[in-house]
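Presented below is the structure to which this report refers.
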Amino acid sequence: VSSAFDFASNLFPLTSTAGAGYTALGAPSTPGLESGGALNGGSLEKHKSLTYLNGLSLVVGLIIGSGIFSSPAQVNKNAGSPGASLIVWAVAGVLAWTGAASYAELGGAIPLNGGAQVYLSKIFGEWAGFLFTWCAAFVLKPGSAAIIAIIFGEYIVRAVIGADAVDASPWINKGVALGGLVLVTALNCISTKLGTRSADVFMIFKFVALLGVTVTGIVVAVTGFAWKGKASDDWKTQGWFEGTNTNVSNWAVALYAGLWAFDGWDNVNYVTGEFINPARDLPRVIHTSLPLVIASYILANIAYFFVLPLSTIESSNTVAVAFGHQVFGPVGSLVLALIVSGSCFGALNATTFTSGRLVYAAGKEGYFPEILGKIGFGGRGGVIRLNSSRSSRAGGNRMAKLIADDAGLFYTPINAMILNASLTAAYVAVGEFKTLITFYGVAGYTFYFFTVLGLIVLRVREPDLERPYKTWISTPIIFCCVALFLLSRAVIAEPAQTLMVLAFMAAGLPVYFWRVRGRGRERGEKGVGWRFWKRWGRV
Ligand code: ARG
């Protein structure tokens with residue numbers, strides 16, 4: 001353990017007084033975790049600055065993105081009736097909640113940065129964690145960010161230039177998407193605080209927006225007033241469950257669409273190591289954010305039903321804009337388009353914050369080139385450099401305060417963030433929207449499934465492991481069953497995409513043997529990689 005820790009602190013000559021080493025956190029008990037230790041002994045985690053509110057906004061900020069404003073069409077079309085769609089929304093929400101609760105247990109027991117990466121490493125071996133990082137850094141994170149960025153671009157163009165421009169040339173949308181991406185990346189490179197503060201602001205913005213939609217829906221339902229004449233009363237005339245679809249694969253598609261809107265519930269797990277009190281705050285974050293989001297999604301959907309004719313909800317990919325137009329006319333569609341783009345921008349911000357840290361951790365661990373595991377502009381520190389002699393002179397308290405406050409300008413994983421932004425930009429430029437979504441769903445749920453399955457494995461294998469938060473055992477079981485159902489549907493419906501995902505994962509294995517096994521880190525095997533590191537004084 002100590003050698004792993006020293007390894008990290010040699011790279012980052014920071015204070016030894018202010019930061020609790022990872023050993024003080026969870027007393028990792030198995031050798032498998034030690035590599036997670038090297039991965040996590042880094043300086044970002046010594047600046048434990050994240051609070052309950054930050055966690056809440058990282059989760060809510062990513063979950064509420066594009067989905068609730070545009071997926072209702074997919075859900076409705078496939079569920080067949082308003083009642084059935086509401087059930088799909090509820091089921092998707094509860095499923096996300098079970099997943100998040102399972103991740104909260106894992107995060108409490110293994111309070112390190114990296115999310116599924118460290119859990120999989122501990123449970124199944126480092127290769128599993130590596131494969132996750134490989135897929136997450138190159139596909140999952142930038143791919144999902146690209147989807148959100150594209151939707152952001154579309155809504156901005158729609159609001160500013162007009163609906164026709166959206167279809168005129170994809171490059172207008174993509175250009176705006178890239179602009180947003182650059183802006184978000186810059187924010188997150190400048191300072192950690194800027195990233196988390198923006199996330200806080202956007203979370204409030206999103207709740208207010210959804211509340212606004214709900215209240216508008218209720219007022220319209222009660223008074224019947226709407227700019228376009230009388231509001232829809234389909235919900236009165238048509239039975240709530242009339243037309244419900246009985247085909248299983250339609251329900252699976254509906255569920256997928258709903259799950260996209262709830263996705264992002266694992267966001268807080270990537271940065272668990274930076275929490276001041278992860279054992280207390282992680283479950284709190286999950287058990288407040290998920291119920292809040294579920295409630296506001298269901299209310300927003302009811303509002304859509306009160307205002308819009310069912311045919312519109314089923315055919316429009318921009319339900320929220322149609323909603324605004326129906327109630328307030330052109331001004332309404334403009335406002336709603338701006339709200340959706342703001343929401344997407346916030347989600348982009350929340351995902352960028354954690355992606356940067358994931359890549360950074362992988363760089364420090366030696367999974368990816370070392371330069372990615374640097375803070376600031378590639379050198380040995382950011383603009384503000386702290387070292388142990390200075391920190392002892394400054395005295396514990398001031399130091400602690402500085403660190404608690406902010407580590408300083410550009411004290412962020414800039415290189416990692418630039419890689420993430422470049423990959424995202426590439427997906428925005430060449431990616432095909434539908435392919436991105438399917439790929440994301442299949443690969444994402446494969447890892448969710450194995451991670452949550454791992455929770456069950458860990459319960460059996462290490463019953464005595466300290467778990468500050470323990471969820472009901474039914475929680476991971478339910479999640480695994482539904483995830484397996486979804487994955488099996490995907491294999492049948494999209495065999496080619498599934499193969500692509502598997503091929504990409506398999507491609508990670510040789511890289512694992514080259515980057516990780518070759519180094520023989522802490523295993524006493526001195527491979528080629530290890531000699532390389534030794535030569536450069538890194539071991
Ligand atoms: N729920 C978000 C939305 O509605 C998408 C989250 C994407 N997931 C992720 N891990 N980036 O837009």
Side-chain angles (χ1 to χ4, degrees), residues 60 63-97 203 205-245 250-251 253-263 288-328 332-333 335-337 339-340 343:
V60 174
I63 295 185
I64 306 180
S66 58
I68 184 58
F69 304 108
S70 46
S71 310
Q74 284 297 321
V75 176
N76 274 42
K77 220 173 12 201
N78 287 290
S81 69
S85 333
L86 291 178
I87 290 181
V88 169
W89 282 100
V91 169
V94 170
L95 188 66
W97 195 356
M203 171 180 67
F205 168 84
K206 289 172 197 211
F207 272 131
V208 170
L210 285 178
L211 200 69
V213 168
T214 305
V215 171
T216 309
I218 292 171
V219 170
V220 168
V222 172
T223 63
F225 166 81
W227 177 80
K228 263 195 152 179
K230 205 163 131 339
S232 156
D233 50 11
D234 284 4
W235 56 283
K236 273 191 205 151
T237 50
Q238 188 191 347
W240 279 91
F241 287 94
E242 212 175 288
T244 301
N245 223 322
N250 284 72
W251 280 71
V253 177
L255 198 55
Y256 259 125
L259 282 174
W260 166 257
F262 281 106
D263 197 65
T288 39
S289 56
L290 267 300
L292 275 174
V293 172
I294 295 173
S296 39
Y297 277 16
I298 289 185
L299 289 174
N301 271 292
I302 294 179
Y304 294 150
F305 288 129
F306 283 169
V307 170
L308 292 170
L310 285 179
S311 55
T312 309
I313 300 184
E314 278 174 20
S315 61
S316 164
N317 274 327
T318 52
V319 173
V321 174
F323 178 91
H325 193 259
Q326 179 84 21
V327 185
F328 301 111
S333 32
V335 170
L336 262 295
I339 286 180
V340 179
S343 176

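Under the side-chain contact (heavy atoms from CB on, under 4.5 Å) criterion, A221 pairs with W235, F306, not counting sequence neighbours. When the side-chain contact (heavy atoms from CB on, under 4.5 Å) test is applied to S296, the partners found at least two apart in sequence or on another chain are F207, L210. I294 pairs by the side-chain contact (heavy atoms from CB on, under 4.5 Å) definition with W97, F262, I298, not counting sequence neighbours.
In this structure, A96 and L290 approach most closely via the heavy-atom pair CB-CD1, 4.0 Å. Nearest heavy atom pair, residue A303 against residue G217, reads CB-CA, 3.8 Å. The two atoms that bring A209 and I339 nearest to each other are CB-CG2, 3.5 Å, heavy atoms only. Pairing each heavy atom of H325 with each of S333, the nearest pair is CD2-OG, 3.4 Å. The nearest pair of heavy atoms linking A84 to A79 is CB-O, 3.7 Å.
Proximity of W251 to V88: side-chain heavy atoms (C-beta onward) are separated by under 4.5 Å at one or more points. Counting heavy atoms from C-beta on, the side chains of L255 and W260 never come closer than 4.5 Å. Side-chain contact between V60 and L292: absent, with no pair of heavy atoms (C-beta onward) separated by less than 4.5 Å.
Between the side chain of N245 and the backbone N or O of N78 there is at least one donor-acceptor pair closer than 3.5 Å. Looking only at distances, no side-chain donor or acceptor of S71 sits under 3.5 Å from a matching main-chain atom of Q74. Proximity of a side-chain donor or acceptor of T244 to a complementary backbone N or O of S81 within less than 3.5 Å is not detected. When atom types are taken as modelled, the side chain of S343 and the backbone of G65 share a donor-acceptor pair closer than 3.5 angstrom. With hydrogens and angles disregarded, no donor-acceptor distance shorter than 3.5 Å links the side chain of S316 to the backbone of T312.
I313 CD1 to N301 CG: the interatomic distance, rounded to the nearest 0.5 Å, is 7.5 Å. Atoms CG and OG1, on L211 and T216 in that order, are 9.0 Å from each other to the nearest 0.5 Å. The NZ atom of K77 sits 12.0 Å away from the OG atom of S85 when rounded to the nearest 0.5 Å. Distance check: I218 CD1 to T214 OG1 gives 6.5 Å after rounding to the nearest 0.5 Å. Taking CG from N76 and CG from L86, the interatomic distance works out to 8.0 Å, rounded to the nearest 0.5 Å.
Of the candidates Y304, F328, F305, Y304 is the only one forming a ring-ring contact (aromatic ring centres under 6.0 Å, His included) with F323.
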